[in-house]
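Have a look at the structure below, then the notes.
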Amino acid sequence: MALSSNITYHENPSLARHFVRSIANYDLSRLHRSPRLGSLRLPTKVRAIQVENPSSTVQPSLAPDLVLPEDGSDLLLPFQFDHYMAARSKLVNQALDMAVPLQQPLKIHEAMRYSLLAGGKRVRPILCLASCELVGGDVSSAMPAACAMEMTHTMSLIHDDLPCMDNDDLRRGKPTNHKVFGEETAILAGDALLSLAFEHVAARTGPKVPADRLVRAIAELGSAVGSEGLVAGQIVDIASEGRDIGLGELEYIHVHKTAKLLEASVVCGAIVGGGSQSEVERVRKYARCVGLLFQVVDDILDVTKSTEELGKTAGKDLASDKATYPKLMGIEKAKEFAGELVEKAIEQLGHFDAARVAPLSHLANYIASRHN
């Protein structure tokens, strides 16, 4: 039996068309029935049938040992996540490079570019772009918002590394901003990036995005980094050093210090992309799980990986006697909690078009399984 371009479908014809278009872009010898996140599950009504036209252009691309399910289970179409991340990262890096040109005053722009373009996984901007696409929006419309998320995140890293805060010397495998440019310039570089984030999303978002959506996205970003967002998490984190706190307070710190900006990235993408109120709330719930997941994994990595592997100082939380999930729960319980957060996040995606959920599903799994 082989596949044909003659697909029987009843409930989701648009997804069937997407499947046919996608066949030519994938190595179908990798098609399998594993339930892992490495694959995209198609609806049960999308079925492969015997070839009736031997001249089908689809047939030659198939592997001879492809076995189709006979028990009525769904076909799984592999999603090339590594390719997706590489392509999206390249787009984001190009946009960031253009957003902060090297101009006068040179020193401040050098400092801004040093940290902004130092690499990194670009998780926040890619989440923003993926969320926009999830609700049917265009990547180009969300790119200014995606860049704003990375500018804001970079600001938080520059300030977090300062001697008056976490006092760190290494970030993304390179000396921290204040080690290269001095504390005064590092503070100003962070300030400049935060200001530019709002200017960039307001000035560069195209006319296809209505003004009301743009205002909502800007308000979402402001809320994520203000005194009820990132700043709230940071101040409580500082106050908690050296004293015993419970899981409730620890969750408050991480929800605000880390998860809020990840949440804003996903929500802003959905808003800019034209998502309905219910869609925006579903991706918000997804993002809250993913945001907390990011910090749980960060806590685990801090005690299980080396400085070389992490690209930043390992064991810093332990040395400063900070409360972390491994410290309060133990490593194994922390890992179990991370797994629960992945499941809850992906559960929120079940209400969206199956052809569009793969990037966000894989991003959740990627955050859970990252090594730095």
Side-chain angles (χ1 to χ4, degrees), residues 85-130 139-140 142-162 165-166 168-205 217-218 220-222 224-226 229-231 234 257-258 260-262 264-266 268-269 272 294 298 310-313 370 372:
M85 289 293 287
R88 286 291 180 263
S89 294
K90 184 177 180 180
L91 285 176
V92 169
N93 288 333
Q94 290 172 344
L96 290 171
D97 185 34
M98 293 174 63
V100 188
L102 189 58
Q103 58 188 5
Q104 295 293 340
L106 283 178
K107 187 173 184 180
I108 191 63
H109 288 98
E110 286 174 348
M112 292 165 68
R113 287 174 60 85
Y114 175 81
S115 293
L116 186 64
L117 304 178
K121 295 172 281 292
R122 306 305 190 202
V123 169
R124 289 155 190 83
I126 293 175
L127 280 168
C128 184
L129 299 178
V139 165
S140 61
M143 186 59 78
C147 289
M149 300 303 157
E150 192 67 14
M151 292 172 187
T152 304
H153 175 55
T154 302
M155 172 278 297
S156 72
L157 299 181
I158 294 173
H159 285 181
D160 202 42
D161 291 335
L162 288 168
M165 302 289 274
D166 277 1
D168 222 325
D169 297 340
L170 196 65
R171 174 68 68 178
R172 291 172 174 169
K174 300 171 65 176
T176 47
N177 198 289
H178 68 274
K179 283 294 180 180
V180 178
F181 298 96
E183 289 181 41
E184 300 90 343
T185 300
I187 292 170
L188 292 173
D191 292 345
L193 283 169
L194 181 58
S195 300
L196 180 59
F198 288 94
E199 176 189 346
H200 191 72
V201 70
R204 298 296 179 183
T205 302
I218 292 172
E220 187 74 30
L221 175 57
V225 295
L230 188 152
V231 170
Q234 187 69 47
K257 184 179 177 181
T258 303
K260 279 285 188 180
L261 187 55
L262 278 155
S265 301
V266 176
C268 285
V272 169
F294 195 96
D298 228 35
L310 293 178
K312 60 182 180 180
T313 307
R370 65 193 176 94
N372 57 32

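- Put simply, the side chain of Arg124 never gets that close to the backbone of Leu261: no donor and acceptor are under 3.5 Å apart.
- Considering every non-hydrogen atom in both Ala142 and Cys128, the closest pair reads O-SG, 4.1 Å.
- If you take CG on Asn93 and CZ on Arg122, they are separated by 4.5 Å, rounding to the nearest 0.5 Å.
- Between the OG1 atom in Thr176 and the CG atom in Asp166 there is a gap of 11.0 Å [rounded to 0.5 Å].
- For the atom pair CE (Met151) and CE (Met112), the distance works out to 7.5 Å, reported to the nearest 0.5 Å.
- Pairing each heavy atom of Asp168 with each of His178, the nearest pair is O-CE1, 3.1 Å.
- By the 6.0 Å contact criterion, CZ on Arg113 is enclosed, its count of non-hydrogen atoms from other residues, nucleotides or ligands being greater than 12.
- For the pair Met165/Gln234, a side-chain contact is recorded, criterion being any heavy-atom separation below 4.5 Å from C-beta on.
- For the pair Leu91 and Leu129, the minimum side-chain heavy-atom distance is 4.5 Å or more.
- Looking only at side-chain heavy atoms (C-beta outward), Gln94 and Asp97 stay at 4.5 Å or farther from each other.
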*Trace of the side chain to side chain contact (heavy atoms under 4.5 Å, CB included) decision for Ile158 with Met155*: CA-CA 5 Å; Ile158 294 173; Met155 172 278 297; 5.8 Å; no

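- Interatomic distance, CZ of Arg172 versus OG of Ser115, reported as 8.0 Å (0.5 Å rounding).
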*What's the verdict on side chain to side chain contact (heavy atoms under 4.5 Å, CB included) for His153 and Val123, showing C-alpha distance, side-chain angles and the deciding distance?*
CA-CA 10 Å; His153 175 55; Val123 169; over 6 Å; no

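- Interatomic distance, OG1 of Thr258 versus NZ of Lys260, reported as 12.5 Å (0.5 Å rounding).
- Within a 6.0 Å radius of NZ in Lys179, other residues, nucleotides and ligands contribute 12 heavy atoms or fewer.
- Evaluation of the salt bridge (Lys or Arg N to Asp or Glu O under 4.0 Å) rule for Arg370 yields Asp298 as partners, not counting sequence neighbours.
- Leu127 places a side-chain heavy atom less than 4.5 Å from the side chain of Leu262.
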Residues 183-201 side chain polar contacts: donor-acceptor under 3.5 Å, at least two apart:
{"from": "Thr185", "atom 1": "OG1", "to": "Phe181", "atom 2": "O", "distance (Å)": "3.4"}
{"from": "Ser195", "atom 1": "OG", "to": "Asp191", "atom 2": "O", "distance (Å)": "3.1"}

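- Residues Pro125 and Ala146 share a closest heavy-atom pair of CB-O, 3.3 Å.
- Scanning for side-chain contact (heavy atoms from CB on, under 4.5 Å) contacts around Gln103 gives Pro101, His109, with sequence neighbours left out.
- Judged purely by atom type and a 3.5 angstrom limit, Asp160 has no side-chain atom pairing as donor or acceptor with the backbone of Ser156.
- Considering CZ of Arg171 and OG1 of Thr154, their distance stands at 9.5 Å, rounded to 0.5 Å.
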